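Here is the structure we will look at.
This chain uses plain numbering: 1 for the first residue, then up along the sequence. What you are looking at is a predicted structure, and each value in this text was computed from that prediction instead of being measured.
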Amino acid sequence: MANNKRNTTANSSQENGSIGGNMTKRAVEAAKKTTDTQSLKQEVANELGITPGKNATAQENGRVGGEMTKKLYNKGSKKSNN
């Protein structure tokens, strides 16, 4: 019985994540249309003190990508609210 309860909880989490993921994806895609992503990558990398690329670690490149996504999401969500 405990197994069934865990599966139900996992399914609910996946469904909720899917909904939030779609909203995030739409906001990021909207912001990408009006953003020079190469410039944004350099800006974020400079803020973090990272030189992105093949000589950086996966963690460093991931931090740059994650911060880019946050900035694009914020820009896209503000645009859709206006």
For the atom pair [atom1] ([X]) and [atom2] ([Y]), what is the distance rounded to the nearest 0.5 Å?
{"X": "K32", "Y": "T69", "atom1": "NZ", "atom2": "OG1", "answer": "7.5 Å"}
{"X": "I50", "Y": "K41", "atom1": "CD1", "atom2": "NZ", "answer": "12.0 Å"}
{"X": "Y73", "Y": "R26", "atom1": "OH", "atom2": "CZ", "answer": "10.5 Å"}

TODO: Locate the shortest heavy-atom distance separating N61 from A56; write the atom from each residue and the value.
DONE: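 Nearest pair, atom of N61 first, then A56: OD1-CB, 3.6 Å.
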Open item on the list: Restricting to non-hydrogen atoms, name the atom on A31 and the atom on G76 that form the minimum distance, rounded to 0.1 Å.
Closed with: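 In terms of heavy atoms, the two residues are closest at CB-N, 3.6 Å.
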TODO: Write out all pairs satisfying side-chain hydrogen bond (donor to acceptor under 3.5 Å, both in side chains) with one or both partners inside residues 47-56, taking only residues at least two apart or from two chains.
DONE: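 Pairs touching residues 47-56 that pass the test: E47-K71.
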TODO: State which residues pass salt bridge (charged side-chain N to carboxylate O under 4.0 Å, His left out) with E60; sequence neighbours excluded, sorted by chain then number.
DONE: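 E60 satisfies salt bridge (charged side-chain N to carboxylate O under 4.0 Å, His left out) with no other residue.
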TODO: Go through the structure and list residues passing side-chain hydrogen bond (donor to acceptor under 3.5 Å, both in side chains) with K70, not counting sequence neighbours.
DONE: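 Partners of K70 under the side-chain hydrogen bond (donor to acceptor under 3.5 Å, both in side chains) test: E67.
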- [ ] Verify the cluster assignment for L48 and L40: are they in a single hydrophobic cluster under the rule of side-chain heavy atoms below 4.5 Å apart?
- [x]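 They do share one cluster, since a chain of ILVMFWY contacts under 4.5 Å joins L48 to L40.
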